[in-house]
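Report on the structure given below.
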Amino acid sequence: LHYDEAPNVDSVPGQRSRELLEKQREIDSSAVAYPEDIPVAFEEGSGATVRDVDGNTYIDMFAGIGVLNVGHANPYVLEAVHEQADKLVHTVDFPTEARLELIEKLDEIAPSGLQGNQKVVFGGPTGSDAVEASIKLAKYNTGGDGLIAFRGAYHGATPGAMSLTGNKGFKEHYSPLLPDVVHAPYPNPFEQGKAPQEAVDHALEEVQAILEDPYGGLANPAGIFVEPIQGEGGVVTPPEGFLQGLRDLADDNDITLMFDEIQSGFGRTGEWWANDWADVTPDVMTSAKALGGVGFPLSATMYHEDLDTWGSGDHAGTYRGHVVAMRAGSRAIEYIQDHDLLAHARELGDHIRGRLREVADGNDHLGDVRGQGLFIGAEFVDSDGAPADDLVDEIQQYCFEHGVLVWTAGRHGNVLRLLPPLVLTQELAETAMDVIADAIEHATAETKQTA
Ligand code: PMP
């Protein structure tokens with residue numbers, strides 16, 4: 001499933017890429033450049049590799065931000081896509097074989113506490129849609145309006161999702177947003193300089209205070225909304241006990257516990273859902289990104305049947321589950337199962353983190369290596385321990401010039417984030433990690449010289 005010759009970079013940035021980005025920028029000033037101000041325009045992809053319009057081939061270590069879990073242009077999924085597209089593409093949300101098949105498959109892979117008790121609403125194509133649906137569901141279900149979310153969280157670009165997002169940079173121009181959202185600290189031992197248990201205790205105490213403190217808390221809480229592993233926040237894996245603590249607080253206060261699995265779910269961590277690692281079942285769970293199989297926009301909100309459910313029309317939307325995307329989603333689940341990609345993601349993820357830790361050994365700038373499965377973060381700091389986003393930019397740029405695409409994350413952009421397709425082979429991973437290790441050496445050696 002991969003080009004034999006990857007990576008193969010002759011001319012970066014290429015002329016054609018430059019022309020296409022300039023053209024796009026004329027009509028869309030917010031268009032992403034990769035890395036910042038370096039144009040690249042992609043033409044085709046296969047497995048864990050992509051080729052740009054100038055003929056350069058790269059190993060794709062970010063997979064459309066965690067979308068292409070079964071790889072670019074997965075032939076098994078595309079076969080079903082073509083068959084379905086020839087038959088029926090859109091129906092709003094009338095029953096179709098494709099819809100029912102995906103609902104069944106999602107139940108098969110559901111966290112243990114939802115399996116057999118799970119309802120699903122396909123509220124719209126994007127992750128943000130699934131987040132909005134979850135907010136409505138929590139309010140509808142509890143009659144409350146207050147929500148607890150976490151610092152560093154990212155939940156999307158629509159108003160409700162922006163309200164939950166715990167990063168000013170994404171929302172400062174758009175207030176007022178939802179009024180009753182309070183952000184608690186997310187346990188991040190490295191950033192907070194705390195021991196794991198201490199970070200968890202601190203976060204849970206804050207949540208408890210928001211729920212129960214008569215002077216400062218939420219008057220009428222509806223739920224807690226949390227990423228089981230923060231993605232945009234810097235691939236922050238919370239220490240043991242955090243998710244269970246939230247479950248207990250939600251139960252004690254009779255409110256809804258919602259897990260946002262849009263980035264962390266669908267096999268990314270080597271389990272179907274990141275919450276499987278903690279074995280804590282939410283009341284509501286979102287999925288998007290990889291759910292659309294080979295990159296189709298599709299999102300879902302799964303919830304326990306005990307929640308009061310909507311009647312017909314209570315949550316509307318033209319694209320409540322795109323038929324072709326739903327077919328692609330169930331085919332992708334089958335593909336992951338048939339190729340044992342969860343085990344592969346676990347093993348390869350451990351190996352990649354091992355290689356990063358080898359680089360970190362003796363390199364003070366690589367402060368923390370974390371993640372689960374193929375959801376991987378490496379946090380960089382300067383000589384004083386402050387966030388070093390400039391180093392990550394340089395690493396990203398070096399990797400790009402040497403045929404490896406990586407992404408960034410974190411409040412300060414100082415986390416190198418890897419989310420490769422789960423079909424990444426050991427051989428390509430090794431090649432990519434050689435480049436990434438060189439990039440880190442290169443960027444941090446320069447810093448030492450100029451320090
Ligand atoms: N939640 C999480 C955890 C995400 O990572 C994202 C996207 N990065 C979203 C929600 C929003 O999804 P979308 O961009 O598809 O609206």
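Order of appearance sets the numbers: ligands from 1, and atoms from 1 within every ligand.
- The shortest heavy-atom distance from Asp260 to ligand 1 is under 4.0 Å.
- Salt bridge status for Lys105 with Glu108: present, with a side-chain N to carboxylate O gap under 4.0 Å.
- Near Glu232, meaning under 4.0 Å from one of its heavy atoms, ligand 1 places the atoms 8 (N).
- Asp350 and Arg346 are not joined by a salt bridge, as no carboxylate oxygen comes within less than 4.0 angstrom of a charged side-chain nitrogen.
- Annotation for ligand 1: atoms under 4.0 Å from non-hydrogen atoms of Glu227 are 3 (C).
- In Glu104, the CD atom is not crowded: 12 or fewer heavy atoms of neighbouring residues, nucleotides or ligands sit closer than 6.0 Å.
- Applying the 4.0 Å criterion to heavy atoms of Gln263 picks out, from ligand 1, the atoms 5 (O), 8 (N).
- Between Arg247 and Asp283, at least one side-chain nitrogen of the basic residue sits less than 4.0 Å from a carboxylate oxygen of the acidic one, meeting the salt-bridge criterion.
- Per-residue contacts place Gly127 under 4.0 angstrom from the following atoms of ligand 1 (heavy atoms of the residue considered): 12 (O), 13 (P), 15 (O), 16 (O).
- The presence of a protein heavy atom under 4.0 Å from atom 12 (O) of ligand 1 is confirmed.
- Residue contact check: Thr126 has heavy atoms under 4.0 Å from atoms 15 (O), 16 (O) of ligand 1.
- With hydrogens left out, the protein atom closest to atom 10 (C) of ligand 1 is His155 O, 3.2 Å, a heavy atom.
- Atoms of ligand 1 found under 4.0 Å from any heavy atom of Gly156 (numbered from 1 in listed order, with element): 11 (C).
- The shell of residues lying under 4.0 angstrom from ligand 1, judged by heavy atoms, includes Lys289.
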Audit row: Phe122, His322, ring pair (Phe, Tyr, Trp, His ring centres under 6.0 Å) steps and yes/no:
CA-CA 9 Å; Phe122 298 99; His322 191 273; over 10 Å; no

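- Between Thr165, Val131, Ile262, it is Ile262 that holds the heavy atom closest to atom 4 (C) of ligand 1.
- Ring pair Phe242/Phe150 is perpendicular by interplanar angle, where above 60° counts as perpendicular and below 30° as parallel.
- Remark: side-chain polar atoms of Thr301 are paired, donor with acceptor, to backbone N or O of Ala130 under 3.5 angstrom.
- Using a cutoff of 4.0 Å between basic side-chain nitrogens and carboxylate oxygens, Glu97 and Arg327 are not scored as salt-bridged.
- In the vicinity of Ser128, heavy-atom distances shorter than 4.0 Å reach the ligand 1 atoms 11 (C), 12 (O), 13 (P), 16 (O).
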